[in-house]
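Step one of this worksheet: look at the structure below.
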Amino acid sequence: MDADQIAVVGIGADGWDGLPESARRLVLAADVLFGSSRQLALVPGGAERVSWPSPLLPALPGLLEAHRGKAICVLASGDPMFFGIGSTLARLVGAHRLHVVPHPSSISLACARLGWPLDEVQVVSAVGRPANAVLHPGRRLMVLSADGNTPAEVAKVLTERGFGASALTVLEHLGGPDERMISSTAAEWREKCAALNVIAVECVGPKLSAVPGLPDDAFDHDGQLTKREVRAVTMAMLAPVPGELLWDIGAGAGSIAIEWSRAHPSCRAIAVEKHPERAARVTANAEKLGVPSIRVLLGEVPEALPDEQPDAVFIGGGVTVPGVVERCYDELKPGGRLVANAVTVESEAVLARWHAELGGELVRLAVSRGAPVGGFTGWRAMMPVTIWVATKGDLP
């Protein structure tokens, strides 16, 4: 291994006995070992040992710099490149400086114990982040646990979302001498768990479409909601792509930000709302519908607009506020999409002016829903909606 390289060795609950010879050589050749106290206790050798501080990320560059010129070996849980320290180090120092020796991940071991095809399982991490998971009956989830309290928290969330009948299995100390498996339904979960665990879930509960256009009653709202049919068209025009960021301006109930975030686990959204009760409602709706990582900013636009540059912007409220459309369009990344909806004559006029200046596309959507008329059924028209869609860079 080159002197400038950092060895990253995956290790399981079976410790030293479970390491291949190539990994053992890297550990024994190290001048300094980094890892958690538990991991460091699993390996022999006379190297200097440095336990990870908390929080780790701010301290990591300084730790590496303090040991520059030494042979460094980092111990990681399971596969270092699967929600692990290996991915963080690759971003920090570059992949070319890493020599990674993976161990089977806890997810691989859990699937092996349960007989679940690994490629058919959705993996969710509850370590240091909200556990985003859109629940569908018949699907299997694996949750990377933060600690011994995570199984009870997962069971509570499942029950609150109507998935209390889901089978929940906790696998502790996978691969080690204390390995244990506990099973129950989410609604009946009462077990205390070891800190080192992974959670398997077989989902049983109500069906909710995976495509945009959720029923209006899926959201708690006070009437400020982009209605189902308009929302489906709006989402098609926003065109979410994995990994992209959306600004939802004048979020109301947060339906657009939520539908965007449900499109793919890596899609992110920031909702901006000036009314405190509506902002709180966005957060509650996001948690209920499985995308709790949506960030909600409370304040007036354009002052409250986020700092992070978006890939797409939806303006559902605030079109007529001076400076809002300009700022949103200017902040878009090249090739980004801006979609704005209008239901009043005044806001339509604003969109028409911007269409004349920046181009794009204008669409007017008129939707009618069937409603009782005496003993018959007639059409009840909803307010027509004008939609302006512009892609940054449309004009030279």
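As the structure is a prediction and not an experimental result, all values here were calculated from the model.
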Interatomic spacing from CG in Leu196 to OG in Ser36 - rounded to 0.5 Å = 9.0 Å

task = Give a yes or no answer on whether the side chain of Trp247 reaches the backbone of Glu308 with a donor-acceptor pair at less than 3.5 Å.
result = yes

task = Check step by step if side chain to side chain contact (heavy atoms under 4.5 Å, CB included) holds for Thr169 and Ser183.
result = CA-CA 4 Å; Thr169 301; Ser183 296; 3.0 Å; yes

key: Partner of Trp354 under side-chain contact (heavy atoms from CB on, under 4.5 Å), chosen from Val325, Leu338, Leu362   = Val325

query = Under a 4.0 Å N-O cut-off, is there an ion pair linking Glu277 with Arg281?
reply = no

ask   = Does the side chain of Ile256 reach to within under 4.5 Å of the side chain of Leu238, using non-hydrogen atoms?
value = yes

query = Judged by modelled atom types alone, do Asn341 and Thr226 share a side-chain donor-acceptor pair under 3.5 Å?
reply = no

query = Any side-chain heavy-atom pair from Trp388 and Leu358 closer than 4.5 angstrom?
reply = yes

request  = In sequence, state the C-alpha distance, the side-chain angles, and the governing distance for Arg295 and Leu297, and then conclude on side chain to side chain contact (heavy atoms under 4.5 Å, CB included).
outcome  = CA-CA 7 Å; Arg295 181 180 164 203; Leu297 298 181; 3.6 Å; yes

request  = Please identify each residue that fulfils ring pair (Phe, Tyr, Trp, His ring centres under 6.0 Å) with Trp52, with sequence neighbours left out.
outcome  = Phe34

Indicate every side-chain donor-acceptor pair of residues 363-378 with a distance under 3.5 Å to a residue at least two apart or in another chain.
residue : atom : partner : partner atom : Å
Arg364  : NE   : Glu348  : OE2          : 3.2
Arg369  : NE   : Glu229  : OE2          : 3.1
Arg369  : NH2  : Asp216  : OD2          : 3.0
Arg369  : NH2  : Glu229  : OE1          : 2.9

query = Side chain of Arg231, backbone of Leu225: donor and acceptor closer than 3.5 Å?
reply = no

key: Hydrophobic cluster identity match, Val123 and Trp116, side-chain contacts under 4.5 Å   = yes

message = In the structure I gave you, are the side-chain heavy atoms of Val321 and Glu300 within less than 4.5 Å of one another anywhere?
response = no

query = If you measure from CZ on Arg228 to OG on Ser209, what distance do you get to the nearest 0.5 Å?
reply = 7.5 Å

request  = Please tell me if the side chains of Leu89 and Leu64 come closer than 4.5 Å, counting only heavy atoms from C-beta onward.
outcome  = yes

key: Exercise: identify the closest heavy-atom pair between Ser77 and Gln39   = OG-NE2, 2.8 Å

key: Non-hydrogen atoms of Cys193 and Pro151 that approach each other most closely   = SG-CG, 3.8 Å

ask   = Can you name the closest pair of heavy atoms from Gly252 and Glu273 and give their distance?
value = N-OE1, 2.8 Å

inquiry  = I'd like to know whether His136 forms a side chain to side chain contact (heavy atoms under 4.5 Å, CB included) with Gln122, so could you lay out the CA-CA distance, the side-chain angles of the two residues, the decisive distance to 0.1 Å, and finally the verdict.
reply    = CA-CA 11 Å; His136 299 287; Gln122 180 185 351; 6.0 Å; no

query = Should Leu42 and Leu28 be counted in the same cluster of Ile, Leu, Val, Met, Phe, Trp and Tyr side chains packed under 4.5 Å apart?
reply = yes

message = Main chain of Ala71, side chain of Asp31: is a donor-acceptor contact present, judged purely on distance under 3.5 Å?
response = yes

request  = Check the hydrophobic clustering (I, L, V, M, F, W, Y; side-chain heavy atoms under 4.5 Å; chains of links allowed) and say if Val134 and Val121 are grouped together.
outcome  = no

ask   = Are the side chain of Trp260 and the backbone of Met235 linked by a donor-acceptor contact shorter than 3.5 Å?
value = no

query = Would a distance-only check, ignoring hydrogens and angles, find a side-chain to backbone donor-acceptor pair under 3.5 Å from Lys392 to Ala390?
reply = no

inquiry  = Taking Glu191 first and then Arg180, would you say they form a salt bridge - that is, a charged N and a carboxylate O separated by under 4.0 Å?
reply    = no

query = Which atoms form the tightest heavy-atom contact between Ser106 and Val198, and what is the distance?
reply = O-CG1, 4.3 Å

query = Do other residues, nucleotides or ligands put more than 12 heavy atoms under 6.0 Å from Lys333 NZ?
reply = yes

query = Once you round to the nearest 0.5 Å, how far does CZ of Phe219 lie from CG of Leu214?
reply = 4.5 Å

request  = Considering only NZ, NE, NH1 and NH2 on the basic side and carboxylate oxygens on the acidic side, decide whether Glu65 and Arg68 come within less than 4.0 Å.
outcome  = yes

ask   = Donor-acceptor pair, Asp311 side chain versus Glu244 backbone, under 3.5 Å?
value = no

ask   = Would Tyr329 and Val319 show up in the same hydrophobic cluster when neighbours are defined by side-chain heavy atoms closer than 4.5 Å?
value = yes

task = Kindly check if the number of other-residue, nucleotide or ligand heavy atoms within 6.0 Å of CZ (Arg353) is above 12?
result = yes

ask   = Hey, quick one: are Met142 and Met181 part of the same hydrophobic cluster, counting side-chain heavy atoms closer than 4.5 Å, chains of contacts allowed?
value = yes

ask   = Quick check: are there more than 12 heavy atoms from other residues, nucleotides or ligands sitting under 6.0 Å from CZ of Arg97?
value = yes

query = Under 3.5 Å, is there a donor-acceptor pair between the side chain of Lys70 and the main chain of Val32?
reply = no

query = In Å and rounded to the nearest 0.5 Å, what is the CG to CD distance from Asp14 to Glu179?
reply = 10.0 Å

key: Test item: Ser166 side-chain N/O and Val204 main-chain N/O as donor-acceptor pair under 3.5 Å   = yes

Contact check, side chains of Val233 and Val385, non-hydrogen atoms, under 4.5 Å = no

inquiry  = So Ile258 and Arg262, do their side chains get closer than 4.5 Å, heavy atoms only?
reply    = yes

Atom NZ of Lys274 with >12 non-hydrogen neighbours under 6.0 angstrom = no

query = What distance separates Ile270 CD1 from Ser293 OG, expressed to the nearest 0.5 Å?
reply = 10.5 Å

note = Result for side-chain contact (heavy atoms from CB on, under 4.5 Å) between Asp79 and one of Ser108, Ser87, Pro102 points to Pro102

message = Using a 3.5 Å distance criterion without hydrogens, assess whether the side chain of Arg140 forms a donor-acceptor pair with backbone atoms of Glu120.
response = no

request  = Please name the pair of heavy atoms, one in His103 and one in Ile11, separated by the smallest distance, quoted to 0.1 Å.
outcome  = CB-N, 3.9 Å

request  = Please check if the side chain of Asn197 supplies one atom and the backbone of Asp147 the other of a donor-acceptor pair under 3.5 Å.
outcome  = yes

request  = Measure the spacing between CG of Leu60 and CD1 of Ile85 and express it to the nearest 0.5 Å.
outcome  = 5.0 Å

task = Return the minimal non-hydrogen interatomic distance between Cys267 and Pro242, and the atom names on each side.
result = SG-CA, 4.0 Å

task = Go through Trp189 and Val170 one step at a time and tell me if the side chain to side chain contact (heavy atoms under 4.5 Å, CB included) criterion holds.
result = CA-CA 11 Å; Trp189 188 262; Val170 174; 3.4 Å; yes

request  = Flag the pair Ser184 / Leu168 as yes when at least one side-chain heavy-atom distance between them is below 4.5 Å, and no otherwise.
outcome  = no

request  = With the side chain counted from C-beta on, respond yes when Phe83 and Ile107 share a heavy-atom pair under 4.5 Å apart, and no when they do not.
outcome  = no

Side-chain polar contacts of residues 20-27 - donor-acceptor pairs under 3.5 angstrom, sequence neighbours left out - could you list them?
residue : atom : partner : partner atom : Å
Arg24   : NE   : Trp16   : O            : 3.4
Arg24   : NE   : Leu19   : O            : 3.3
Arg24   : NH2  : Trp16   : O            : 3.0

ask   = Is the number of heavy atoms from other residues, nucleotides or ligands within 6.0 Å of CG (Asp119) greater than 12?
value = yes

